[in-house]
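Just so you know, these numbers come straight off a predicted model, no measurement behind them.
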Amino acid sequence: MLRNWELLLFISGAAVVAVATALICQFSGMPPGVVCFFGCFLILAMSLVYAIRCYRSILLLIEYLQKVSQGENAPDIRDNAEGELSILKSEIYKVTAALAEHARLLAKDKAELANALADISHQLKTPLTAVGVMADLLGDEGLPQEKRRDFPANIRASVDRMEWLVLTLLKIARLDADAAVLKKEATPLAAIVERALSPLLIPIEIKGQNLTISEQDASVVCDPEWTAEALGNILKNAVENSPIGGEIAICCGSNPIYSYITVHNSGTGIDKADLPHVFQRFYHGKNASSNSAGIGLSMSLAIMRKQNGDIEAENDNGSVFTLKFYHIE
């Protein structure tokens, strides 16, 4: 309390008035009652001035809080003085600044959520429209038998795509909400590659792509299922963006800092302008395939970072993705 210079000034002034009143009563011939009256009046006046200054400071704080509550950009009210009011000003400013930042982040999250919902709606609209059109056409008696045989397979493919989109978005939501519990198991890198590559062997064979795997005897502590999911999205991207008869090379290894899995595919690679954004959710680069939903790479990065890992993308006669598993004691 005594750090407040205004309070110290008031106490010092009151002490001076009290001492002066006592001296005047002692050494002057003035009536003591009159001297005491003027002394008390001076102390009362000083108290009133001090109270008015404190009240004005409190009014300024009230006006400041009213501006903040109305969403206005309130000025910085901090000062370099000591005392409880200055400390109160500083603490109120800190709280309001934190609330303003929180409100800004909430607005940003709201905008991102709106964009995400718009992207999800767009991703689901195309297969839904296709299913609806083909279902209507199947009811047409004049539809050729060839089309009538093809449409069920096309409908199945559209439904499978919608199912993949929904399941992938649910997985991303679990990761975002920290609802996914990732295991920590010592797993050979070769086992992760084998698990992730298994569902893609037929598409690779259909496109006549040449697959090479170079492995070292290395293991990492991770969740095998989720990590295979992350690598699977990278491999799926490599298969889709490699030409017919193209090359896909997988390399596993380890160094003193991290273990790694690299996936190198031939093709046009990633546009230089797209490199900083390839892991951004729902992002579509210039060289992305028409069927790309823009969520696979984003989920892969989220999975790796949940396990203190990372993914890097670069160009080298095609695109190269490197999954890094850092050695943490």
Side-chain angles (χ1 to χ4, degrees), residues 153-154 156-157 160-161 164-165 167-168 187-220 222-255 258-280 283-301 303-304 307 309-325:
N154 293 335
R156 180 72 259 176
D160 288 343
R161 176 169 173 76
W164 178 84
L165 283 169
L167 289 176
T168 303
T187 309
L189 292 178
I192 296 174
V193 172
E194 181 180 359
R195 187 169 185 168
L197 196 58
S198 177
L200 295 170
L201 292 176
I202 293 178
I204 290 174
E205 183 178 353
I206 290 174
K207 295 186 71 173
Q209 294 167 339
N210 183 31
L211 175 66
T212 58
I213 302 175
S214 176
E215 299 175 347
Q216 291 182 9
D217 187 14
S219 296
V220 293
C222 67
D223 186 303
E225 182 177 351
W226 280 98
T227 307
E229 180 90 27
L231 178 59
N233 290 330
I234 302 295
L235 290 171
K236 181 174 179 289
N237 182 75
V239 173
E240 291 177 349
N241 290 281
S242 294
I244 295 176
E247 303 284 336
I248 298 176
I250 303 173
C251 180
C252 303
S254 183
N255 59 43
Y258 56 82
S259 299
Y260 59 86
I261 302 174
T262 62
V263 179
H264 183 192
N265 67 280
S266 60
T268 57
I270 305 169
D271 190 271
K272 186 177 180 180
D274 295 328
L275 267 175
H277 308 288
V278 290
F279 296 106
Q280 184 177 327
Y283 183 80
H284 289 268
K286 294 180 180 179
N287 298 329
S289 65
S290 58
N291 293 326
S292 174
I295 54 177
L297 295 180
S298 173
M299 185 172 72
S300 295
L301 181 61
I303 292 171
M304 291 300 296
Q307 304 180 103
D310 201 2
I311 306 179
E312 293 181 355
E314 59 184 334
N315 286 320
D316 184 10
N317 296 322
S319 61
V320 181
F321 288 85
T322 304
L323 284 74
K324 296 183 176 181
F325 303 84

Begin with the C-alpha distance, continue with both residues' side-chain angles, and end with the deciding distance and a verdict on side chain to side chain contact (heavy atoms under 4.5 Å, CB included) for L297 and I234. CA-CA 7 Å; L297 295 180; I234 302 295; 3.4 Å; yes

Check for a donor-acceptor pair, side chain of Q209 on one end and backbone N or O of I248 on the other, with a separation under 3.5 Å. no

Testing the basics here: between V278 and A313, what is the closest heavy-atom pair and its distance to 0.1 Å? CG2-CB, 4.1 Å

Working to the nearest 0.5 angstrom, can you tell me the gap between K236 NZ and L200 CG? 8.5 Å

Identify which one of I303, T187, L189 satisfies the side chain to side chain contact (heavy atoms under 4.5 Å, CB included) criterion when paired with C222. T187

Roughly how far apart are E314 CD and T322 OG1, rounded to 0.5 Å? 5.5 Å

State, to 0.1 Å, how close G246 and S266 come at their nearest heavy-atom pair, and which atoms those are. CA-OG, 3.5 Å

Indicate yes or no for a side-chain donor-acceptor contact from H264 to the backbone of C251 under 3.5 Å, with no hydrogens or angles considered. no

For the residue pair G296 and N233, what are the closest heavy atoms and their distance? O-ND2, 3.3 Å

When rounded to the nearest 0.5 angstrom, what distance separates CD1 in I261 from CD1 in I311? 10.0 Å

I'd like to know if the side chain of D310 reaches the main chain of K324, judged simply by a donor and an acceptor atom lying under 3.5 Å from each other, with no hydrogens or angles considered. no

What's the separation between atom CZ in F321 and atom CG in N237, rounded to the nearest 0.5 Å? 5.0 Å

Between Q307 and D223 the two heavy atoms that sit nearest each other are OE1-N, 2.7 Å

Other residues, nucleotides, ligands: >12 heavy atoms within 6.0 Å of D217 CG: no

Check P276 against K272 and note the closest heavy-atom contact, atom names and distance. CD-O, 3.7 Å

Assess whether atom CD of E194 is packed by more than 12 heavy atoms of other residues, nucleotides or ligands within 6.0 Å. no

Has the side chain of S259 got a donor or acceptor atom that lies under 3.5 Å from a matching backbone atom of S254? no

Atom of I250, atom of L235 and distance for their closest heavy-atom approach: CD1-CD2, 3.6 Å

Could you tell me whether I202 atom CD1 has more than 12 heavy atoms of other residues or ligands within 6.0 Å of it? no

D274 side chain vs I270 backbone, donor-acceptor pair below 3.5 Å: no

Distance, nearest 0.5 Å, that separates SG of C252 from CD1 of I213: 8.0 Å

Would you say V220 and I192 make side-chain contact, with heavy atoms under 4.5 Å? yes

About how many Å separate CG of N241 and OG1 of T268, when rounded to the nearest 0.5 Å? 7.0 Å

Between K207 and S242, is there a donor-acceptor pair closer than 3.5 Å when you use the side chain of the first and the backbone of the second? yes

